[in-house]
Amino acid sequence: MSSPDPQVRAARNLADPSPESKPTKNSSRSRGPVVAVTGAATGVGELLTAHLAASDEIKQVIAIDERRGDVSEATWHVLDVRDPGIAEKLRGADVVVHMALDLDLETDPAARTAYNVRGTQTVLTAAAAVGVHRVVLCTSAMVYGALADNDIPLAEDAELRATAEATGVGDLLEIERLGRRAPRAHPGLNVTVVRPTVLVGGTDTALTRYFESPRLLVVAGSRPAWQFCHVDDLVSALEYAALEKIDGEFAVGCDGWLEQEEVEELSGVRRMELPSAVALGAAARLHRIGLTPSPAGDLAYTMHPWVVSVSRLHDAGWRPRWTNEEVLAALLEEVEGRHTVAGRRLGRKDATAAGAAGATVALLGTAALVRRARKARRRF
């Protein structure tokens, strides 16, 4: 979007010298919605805030986070989304896009759930209390679950069959439950749910760390299928939702998918194939003793397909700018130089000492060492 003419900006500031005033770009901007974004200072929330603030279709952006961000065009409020006082900060907004979620692999699971669920509850209740008519929630296509018998692709209205065994997925399922319940408790409130596929672009998840490994772990007999979503495409889909060009529940991601063999060919990274019992057992034990941040449930999303149709966005006129091949290339460039084994980041010294395949074997072998140690203790 082009910047407003400096002389026009100066004239508008003189006409309304209030420190809270924000110059409008043109007459169409004054007719657009006021959009509030939570989690606006970091990650996708920051990108979305900047994107909306530059849009001629948005009247004003209200940015909310625990610290002030860098988007000077937005009106900032610094507070925790769990604070009931957020209601006053949302007053005057037409739409709230709730992006204040903690899905960090290193966060204590109980603390993460307390933040995510309580934050969503508070935002939905506060939005309804001050007359906001739409709340946009961003979860993940992981809520469909990764199962061997999944259709490829899944319909967007397919049953949500995920369990709480993977990082943050239990929180996302609860957030969606709150979103479905909110319009019944607060008539007049519309809730839209956006479900991105494997998100790439400044993200750090168990799925992006999979591509930091020296070998791509493949469970024997599984049929992985990869569908990516670049953050740029997620931001544009969230804008569609904020502008009410689409509502309800929908997925966002690249068109189509990549088979595991295509991923290996494109990446140049070879596979390491393990029996299911070995891979799942080792993942569970390594997580239980604190060697890896990812629970065994994360492994299912690299084993079974969870590709989703993005037909609802297509019907609304949206198209992804990125292909799966392009997003994979961007991800590989982003993770270059990082060394992760079984979800655990290794320092340069560790990775060099262990070697490529040796690092994987060493970490997986830790489970056997732990078992032997426990047996030895029981003998005494």
Side-chain angles (χ1 to χ4, degrees), residues 33-49 51-53 58-69 71 74-104 107 111-140 143 168-196 234-235 237-244 246-250:
V34 175
V35 180
V37 181
T38 66
T42 58
V44 181
E46 180 181 24
L47 296 175
L48 177 64
T49 300
H51 182 79
L52 296 179
I58 304 297
K59 181 178 181 180
Q60 180 190 0
V61 179
I62 299 170
I64 297 172
D65 210 321
E66 293 179 54
R67 68 172 180 83
R68 184 183 176 91
V71 183
T75 300
W76 283 91
H77 298 294
V78 178
L79 82 164
D80 189 311
V81 291
R82 294 169 293 182
D83 185 340
I86 195 173
E88 283 305 309
K89 310 305 181 186
L90 297 178
R91 190 175 297 279
D94 301 298
V95 180
V96 176
V97 185
H98 180 46
M99 301 300 296
L101 294 179
D102 181 2
L103 297 176
D104 194 314
T107 301
R112 181 173 58 218
T113 296
Y115 178 82
N116 291 336
V117 174
R118 177 66 182 276
T120 302
Q121 284 177 320
T122 304
V123 167
L124 287 168
T125 302
V130 297
V132 173
H133 69 263
R134 178 181 295 261
V135 174
V136 180
L137 303 176
C138 186
T139 62
S140 168
V143 296
V169 173
D171 296 359
L172 300 179
L173 289 168
E174 179 62 16
I175 286 167
E176 293 218 4
R177 189 186 70 80
L178 292 171
R180 287 190 296 273
R181 192 175 65 182
R184 297 196 295 269
H186 308 288
L189 180 66
N190 179 294
V191 177
T192 299
V193 178
V194 185
R195 298 167 177 156
L234 175 57
V235 165
L238 289 167
E239 180 187 29
Y240 254 61
L243 291 171
E244 303 185 56
I246 186 171
D247 59 11
E249 301 167 350
F250 63 90

Rounded distance (nearest 0.5 Å) linking atom CG of Leu178 with atom CG of Leu173: 11.0 Å
Results of side-chain contact (heavy atoms from CB on, under 4.5 Å) for Asp247 - residues two or more places apart only: Arg134, Asn190, Thr192, Arg312
Arg91 meets the salt bridge (charged side-chain N to carboxylate O under 4.0 Å, His left out) criterion, sequence neighbours left out, with Glu88
Minimum heavy-atom separation for Ala242 to Val95, with atom names? O-CG2, 3.5 Å
Between Leu189 and Ala128, what is the shortest heavy-atom contact and its length? CD2-CB, 4.2 Å
Just to verify, what does Glu176 make a salt bridge (charged side-chain N to carboxylate O under 4.0 Å, His left out) with, not counting sequence neighbours? Arg180, Arg195
Looking at Ala87 and Val130, what are the two nearest heavy atoms and their distance? O-CG1, 3.3 Å
Mind checking side chain to side chain donor-acceptor pair (under 3.5 Å) for Thr38 and listing every partner two or more places apart, or none if nothing turns up? His98
Roughly how far, to the nearest 0.5 Å, is the CD1 atom of Ile62 from the NE2 atom of His77? 5.5 Å
Take Leu234 and Val44 through the test side-chain contact (heavy atoms from CB on, under 4.5 Å) and record every step on the way to the result. CA-CA 8 Å; Leu234 175 57; Val44 181; 3.9 Å; yes
Under the side-chain contact (heavy atoms from CB on, under 4.5 Å) test, which residues partner Leu47, sequence neighbours left out? Val231, Val235
I'd like to check the salt bridge (charged side-chain N to carboxylate O under 4.0 Å, His left out) partners of Asp102; sequence neighbours left out, ordered by chain and number. none
Between Leu101 and Thr120, is the side-chain contact (heavy atoms from CB on, under 4.5 Å) condition met? List the steps. CA-CA 9 Å; Leu101 294 179; Thr120 302; 4.3 Å; yes
Residues forming a side-chain contact (heavy atoms from CB on, under 4.5 Å) with Arg184, sequence neighbours excluded: Arg181
Member of Val97, Val81, Val132, Leu137 meeting the side-chain contact (heavy atoms from CB on, under 4.5 Å) criterion with Val123: Val81
Among pairs that include at least one residue of residues 118-128, which meet salt bridge (charged side-chain N to carboxylate O under 4.0 Å, His left out), considering only residues two or more places apart or in two chains? none
Close side-chain approach of Ile64 to Leu79, heavy-atom, < 4.5 Å: yes
Could you report the tightest heavy-atom contact between Ala53 and Val61, atom names first, then the distance? N-CG2, 3.6 Å
Residue list, side chain to side chain donor-acceptor pair (under 3.5 Å) with Asp171, at least two apart or on another chain: Thr113, Asn116
For His51, the side chain to side chain donor-acceptor pair (under 3.5 Å) test, sequence neighbours excluded, returns Glu239
Distance-only, no hydrogens or angles: does the Trp76 side chain make a donor-acceptor pair with backbone N or O of Asp65 under 3.5 Å? no
Smallest heavy-atom separation, Arg68 atom then Val78 atom, equals N-CG2, 3.8 Å
Minimum heavy-atom separation for Thr49 to Ala40, with atom names? OG1-CB, 3.2 Å
Contacts of type salt bridge (charged side-chain N to carboxylate O under 4.0 Å, His left out), residue Asp80, not counting sequence neighbours: Arg82
Just one of Ile175, Leu172, Val194 clears the side-chain contact (heavy atoms from CB on, under 4.5 Å) bar with Ser140, so which one? Leu172
